[in-house]
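Right, one structure below, let's go through it.
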Amino acid sequence: MCGIVGFTGRTPALPFLVDGLRRMEYRGYDSAGVALVGGDPARIEVRRAVGKVDALAEALRADPPDESAACGIGHTRWATHGAPCVRNAHPHLSPDGRVAVVHNGIIDNFLDLRERLRAKGHEFRSDTDSEVVAHLVQECRGGSLIESVARALALVRGTYGIAVVSADEPGRIVVARRGSPVVVGTADGAAFVASDPAALAGRADRVAFLDDGDLALLEPGSFEVRSLAGEPVVREAAPLDFDPAAVEKGGYEHFMLKEIFEQPEALENCLRGRLLPDEGTAKLSGLRLGPREIAALSNVVLTACGTSYYAGLHGAYAFEQFAGIPARIEQAAEFRYRNPIVAPDTALVSLSQSGETADTLAAVREAKRKGALVLSVCNAVGSTIAREAGRGVYLHAGPEIGVASTKAFLCQVAALEMMALLFGRTRRLSGAEGAAIVRALASLPDLVRAVLAKNDAIARIAERHAGARDAFYIGRGYQYPAALEGALKLKEISYLHAEGYHAAELKHGPIALLDEKVPVVALAPRGPDRDKTLGNIQECRARNAPVVAIVTEGDADARAFTEDLVEVPPCPDFVAAVPVVVAEQLFAYHVARLRGEPIDKPRNLAKSVTVE
Ligand code: F6R
């Protein structure tokens, strides 16, 4: 995710800024930049580069700014609005070049604000939502910088951690927080800001964490916090006490665990601004599809690889259920060579976290050649698949660093259900039916939180199965893709042999392998298939296979067959895969941890598979 740093003091700011950005590299980013305020008269100099902080350091060597400048801000960007490129990298300047801004988060109403500013003659240099903040601060100028920033932020809807400098007030940094972390600190004659305490370790003597709604003014050696309305606020500063190595992963032992725990926020970001409760539908502007075009489609073909394929299988079920449109998923590697039947009224939905998977990209190109309407569901903004598809939905899940995909899967499911809802509302769903789906989707972050709270209990269940050599995962309906995904998670990080099966398929062969050493993870939350899956659990127990059952809270029936129960909150069956998969992720994680495997970088695997 994006990172913010800032420094004001009596010594050059640049060394701290570059070092602070390096310390946040673990978060994942695609471009970096700094803005320095210095000189007499004061001016702002910006340097930005695509790629690593090393590329920024190179840009600074090639075109050195005033290195004596004692005030500045810096940023590592992970693209959300606009491709990763220099003009979209932060800091962003106001049109007159006297204000520079770095921003983490998403400005929900930026399109609206940008149009209003354009009407006043503002010209924008980037595709980002963040740039509007620099323009707004200029537009709201009057009084001090902190007052201008407060007025600007009053117009903004969305989330932000923000740092602003102005050539009119050199030596000052204004920072603010709503929904995106900001920590400020001081040391002898200096003040600092960062979005991640890792950047301040060993630098700031005392730090304070801002709360949502806080605004702070930093000057050399001090900071002062107030509310957006201008009232003084006390935020206790305390010594910063931590091991920088632990903070790299935000205190988690592995990136995978950190990313599992980031899922409520990832889903919030994915859903934000897209659910329309009153109309009972979803707004997905990136699809650029009107009701007539949606109504004219005859079928949906989804294509992807690995975990994205399983999310796509879930999506195919949702398209058929919500929209009554024939939908199927095809492995991208098959799609590209099999010469599949695709018509101009086929919507081809390609799914990819990285947006760079070779087979999925080839499938996109093949579908375009055949004249299909090609859409993408990608996490990485500006990735090749997203660009070549031209229309699509971004997940906004934040970067995944752990090789095993976690938050992208959940957000893919959410994005596909929003798409299926939109298609459904133009085809056969009533407003009331649509509103019920909206409510279920809006509850996803809380469903995930409820399962994360069971982490310790799931770890204890994992202890009882970490010694297994083989495992099966079974499910029906929406729990079938979840079974496939659970087995993939387990095998890729724990190296335990695991297979996902439709629960009914077990007796057509695999059941021959069951005995007391082969655990079966059975997915049986309440829904139309629950009773049948409970029947399958009994078949497994009759072969002495230990069962881990994932069931709905309060569903006592499965207790007759196993004590290894994970309860997920009650929810409609079409969203139940989300909490179930979180339980599976934690189970796989703990099994792999207990077996001592390198969870974030399993052998033989790559995060982005750019070869076929
Ligand atoms: C599994 C995993 C892989 C990817 C697959 C597709 O945890 O990460 O199976 O899902 O390589 O990658 P993307 O989604 O980037 O196209």
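As the structure is a computational prediction, the values presented were derived from the model and not from experiment. Counting convention: from 1, in listed order, for ligands and their atoms alike. The residues of the chain are indexed from 1 along the displayed sequence.
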Would the distance check show the side chain of [X] and the main-chain N or O of [Y] forming a donor-acceptor pair, the cut-off being under 3.5 Å?
| X | Y | result |
| --- | --- | --- |
| Glu584 | Ala487 | no |
| Arg427 | Ile294 | yes |
| Arg476 | Asp529 | no |
| Tyr495 | Arg603 | yes |

Which residue supplies the protein heavy atom nearest to [atom], what is that atom called, and how far is it?
| atom | result |
| --- | --- |
| atom 7 (O) of ligand 1 | Glu492 OE2, 2.6 Å |
| atom 10 (O) of ligand 1 | Thr307 N, 3.1 Å |
| atom 6 (C) of ligand 1 | Cys305 O, 3.3 Å |
| atom 11 (O) of ligand 1 | Val609 CG2, 3.9 Å |
| atom 12 (O) of ligand 1 | Thr357 OG1, 3.5 Å |
| atom 15 (O) of ligand 1 | Ser354 OG, 2.6 Å |

Notebook entry, point to check: Does Tyr29 have Lys52 sitting over its ring (NZ/CZ under 6.0 Å from centre, angle to axis within 45°)?
Noted result: yes
For [X], the ligand 1 atoms whose distance to one of its heavy atoms is below 4.0 Å:
| X | answer |
| --- | --- |
| Lys489 | 1 (C), 7 (O) |
| Ala404 | 7 (O) |
| Ser352 | 13 (P), 14 (O), 15 (O), 16 (O) |
| Ser308 | 10 (O), 13 (P), 14 (O) |
| Gln353 | 13 (P), 14 (O), 15 (O), 16 (O) |

Checklist line | Distance-minimising heavy-atom pair for Ile385 and Val364 | finding: CG2-CG2, 4.1 Å
Next item on the list: Please state whether Glu400 comes within less than 4.0 angstrom of ligand 1, counting heavy atoms only.
Entry: no
Next item on the list: Please state whether Val403 comes within less than 4.0 angstrom of ligand 1, counting heavy atoms only.
Entry: yes
Please determine, by modelled atom types, if [X] and [Y] share a side-chain donor-acceptor pair under 3.5 angstrom.
| X | Y | value |
| --- | --- | --- |
| Thr406 | Gln585 | no |
| His396 | Asn379 | no |
| His254 | Tyr589 | yes |

